[in-house]
*Asks:* 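The structure under discussion is supplied below as structure tokens; questions concerning it will follow.
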There are 2 protein chains.
Amino acid sequence: MVTIQEISRITNFAPSTVSKALNGYPEISQKTREKILKVANELNYFPNATAKSLVKKKSNTIGVVFEVEYGLNNLFFSTILEAFRKQVEIKGYDILLLSNNTDNGLNYLNHCRSKQVDGVLIVSKGSNKDAINELLESELPVLSFDPEEEMKNSIYSESYFAIKKACRYLYNLGHKKIAFIQGDLTNYIGKTRYNSYMDFMIEIGNEPIVIKGLNNSLYTYEEGYKTMDMILQQFGLPDAVCSSSDLMALGAIAYLKDQGYKIPDDVSVIGFDDIKMCEIVHPKLSTIRQDYELIGKKACETIISMIENKITEFDPVIIDSELVIRDSCKRRR
Amino acid sequence: MVTIQEISRITNFAPSTVSKALNGYPEISQKTREKILKVANELNYFPNATAKSLVKKKSNTIGVVFEVEYGLNNLFFSTILEAFRKQVEIKGYDILLLSNNTDNGLNYLNHCRSKQVDGVLIVSKGSNKDAINELLESELPVLSFDPEEEMKNSIYSESYFAIKKACRYLYNLGHKKIAFIQGDLTNYIGKTRYNSYMDFMIEIGNEPIVIKGLNNSLYTYEEGYKTMDMILQQFGLPDAVCSSSDLMALGAIAYLKDQGYKIPDDVSVIGFDDIKMCEIVHPKLSTIRQDYELIGKKACETIISMIENKITEFDPVIIDSELVIRDSCKRRR
DNA sequence: CGTTTACACGAAATCGGTTTCGAATAGATT
DNA sequence: AATCTATTCGAAACCGATTTCGTGTAAACG
């Protein structure tokens, strides 16, 4: 690689002068700047980002935390990451996929510090909540898409009114027995959706149809399938199902189909997320759309603003979500 | 962050001694090593990876190149990346998502050099083939999952015999009019699948049913949908469809369903990839499975061996693929 | 013409590590 | 006791940038 010292030797200017010329310092005359730039271009010079990071204490890199099990291999999370990446790239940052290597003691936080990561986006977190909390409480700018109890430093889709809107929609189609498939009740989003459903059932004065004590922490197809099984056993066939994720909704539909029911003729089902699959399956899944592009964009803006203004705490960013009506819900006969 | 100099001050050993002690050099006595390690642990010392990279000229980071359009937002590619990541993590490397910023002249290669990336995995490439070729011809260890004409430095699933097996399977079910949905004919994989299909049709002495001149470069659902439309218009209804990707197969199925046909009763369809969705859709899609875990593992092994042994060229690594029979194909009535 | 001021550039320190090579010490050898 | 050897450690250079501060020169001023 071409270094500043090489340009220095060739142009007979000191390394410091070369550096200043390349970085647009005003104290360099037009003439010498041109000479230096000319040589730099001829040699195809690009600064060594490592050296730069070392002295500037800034790497132009944003770390991303991902659960191992259902990480990238999950359209929902990977869609967010992709949207985020697109924005981040524009701003001149790179994305480093972080690991939490407990073997060598290099947990998330130490890893971030070691690699001089400027900020961190937590897309999804697995079992290692301790390592995550260390991150959140550190001096680093951290943004979480998967907030815990307290909601600080987080970005997420509005869920409370969204679930109510979905339930209201089902109710207005004539459905009374509306079942709910919950997600991860240990995090804020999962809890909010659950509470919203419970509140709605109280409003309309119906008994909630939900499996108590169940925690579908991964929001997967398989969990949806099993939950639907339990619902049928415990409550019999509901009129409609409201699910905390599209994948679980699809799992529920699969179970119902396996039992010989028709969707939406026998049961209406609505999901949450609007992953790309919704339009591919049959019937096309009605759902609540999360605005991935906007989430990615806002997440990027927020985290870069945190980095540049050195803030480590801010109010949650809440992105509107929208009811998308397709073919999986039908008026009750 | 705690530095070596701090430990040096506290222990009264020179920085060089501290460094050696921490890195297990034999010339350090047991006594001083213990003293130094004790202090390092107490202060929760971790080496600054940036500084280390600078002097060692090795960052323990592997760059990953992804197409922007259909990058992470594609279960196929993200599954590979996830498998790769899992392996790479174990070996102590991080993954940096690379961008090709032509604005500031920081193309892939310069970006890699600047960030001191040790090796590169090309998962999918978009339109900027020049930037990719620069990478391939550089001094960096590069591994491509999406090889061009020449197949050097690549890893991919066996496709030629796989497509033949799929076609043979359809043929043995009694189908004569077997249509083919091609993928990207400008790259090796796409071409191989196409050629395999064409050879098979010659073998069985039937006319190929394929849209000439069509290039489905993104292997998407929408492309499959459109292609199926064109096939019906140009050739009428085939007995079976062999697709170069699952997503295109699903698109084709959707089109056929929209036209009122039943799958697999009227048309048998087989895909390629075995993305997770295959088991979720109805009917469950028969397909050719790519062994993602093995691809990830081999890719990791290969690239790390390239890095450690400083080889930049090697023969292609070919991963076996397997026919998976589900519900989307049926014996011809 | 002497002094001030602005401008342009360079020397040197720094970031946090690694590595080479030389020196001091302790122990072994004759 | 003198010499040799092995062991252990430290000084200093280095990786490739940035940044502070000082200096020399030319222009501007009285």
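Order of the sequence lines fixes the chain letters, A, B, ..., with proteins taken first and strands second; residue numbering starts at 1 for each chain.
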*Asks:* Whole Å only: how far is the NZ atom of B/Lys31 from the P atom of D/dT7?
*Replies:* 16 Å
*Asks:* What integer distance in Å separates A/Leu22:CG from D/dG16:P?
*Replies:* 15 Å
*Asks:* May I ask you to say what A/Thr32 touches in the nucleic acid, namely base, sugar-phosphate or nothing, with a heavy-atom cut-off under 4.0 Å?
*Replies:* sugar-phosphate
*Asks:* Using whole Å, report how far CD of B/Gln116 lies from C1' of D/dG16.
*Replies:* 9 Å
*Asks:* Between A/Asp94 (side chain) and A/Thr61 (backbone), is there a donor-acceptor pair under 3.5 Å?
*Replies:* no
*Asks:* Got a salt bridge between B/Lys86 and B/Glu82, using NZ or NE/NH1/NH2 to carboxylate O under 4.0 Å?
*Replies:* no
*Asks:* Do A/Ser217 and A/Thr186 have side chains that get closer than 4.5 Å, going by heavy atoms?
*Replies:* no
*Asks:* Report the distance from atom CD of B/Glu6 to atom P of C/dC15, rounded to the nearest whole Å.
*Replies:* 11 Å
*Asks:* Might you work through the side-chain contact (heavy atoms from CB on, under 4.5 Å) test for A/Tyr45 and A/Ile4, ending with a clear yes or no?
*Replies:* CA-CA 8 Å; A/Tyr45 167 83; A/Ile4 277 195; 3.3 Å; yes
*Asks:* Atom CD1 of B/Ile36 to atom C1' of D/dG10: distance rounded to whole Å?
*Replies:* 12 Å
*Asks:* What is the distance from CD1 of A/Ile28 to C1' of C/dG10, rounded to the nearest Å?
*Replies:* 10 Å
*Asks:* Classify the side-chain pair A/Asn133/A/Asp130 by whether it contains a donor and acceptor separated by less than 3.5 Å.
*Replies:* no
*Asks:* If I take atom CZ in residue B/Arg113 and atom C1' in nucleotide D/dG16, what distance separates them, rounded to the nearest angstrom?
*Replies:* 16 Å
*Asks:* Determine, for A/Glu42 against A/Lys38, whether the closest basic-nitrogen to carboxylate-oxygen distance falls under 4.0 angstrom.
*Replies:* yes
*Asks:* Over how many whole Å does the gap from B/Phe13 atom CZ to C/dT25 atom C1' extend?
*Replies:* 14 Å
*Asks:* Dump the pairs, protein N or O against N or O of nucleotides 16-20 of chain C, anything under 3.5 Å, distances to one decimal.
*Replies:*
{"from": "C/dG16", "atom 1": "OP1", "to": "A/Lys57", "atom 2": "NZ", "distance (Å)": "2.9"}
{"from": "C/dG17", "atom 1": "OP1", "to": "B/Asn48", "atom 2": "N", "distance (Å)": "3.3"}
{"from": "C/dG17", "atom 1": "OP2", "to": "B/Ile4", "atom 2": "N", "distance (Å)": "2.7"}
{"from": "C/dG17", "atom 1": "O5'", "to": "B/Tyr45", "atom 2": "OH", "distance (Å)": "3.0"}
{"from": "C/dT18", "atom 1": "OP1", "to": "B/Asn23", "atom 2": "ND2", "distance (Å)": "3.3"}
{"from": "C/dT18", "atom 1": "OP2", "to": "B/Ser19", "atom 2": "OG", "distance (Å)": "2.4"}
{"from": "C/dT18", "atom 1": "OP2", "to": "B/Asn23", "atom 2": "ND2", "distance (Å)": "3.2"}
{"from": "C/dT19", "atom 1": "OP2", "to": "B/Tyr25", "atom 2": "OH", "distance (Å)": "2.5"}
{"from": "C/dT20", "atom 1": "O4", "to": "B/Lys20", "atom 2": "NZ", "distance (Å)": "3.3"}

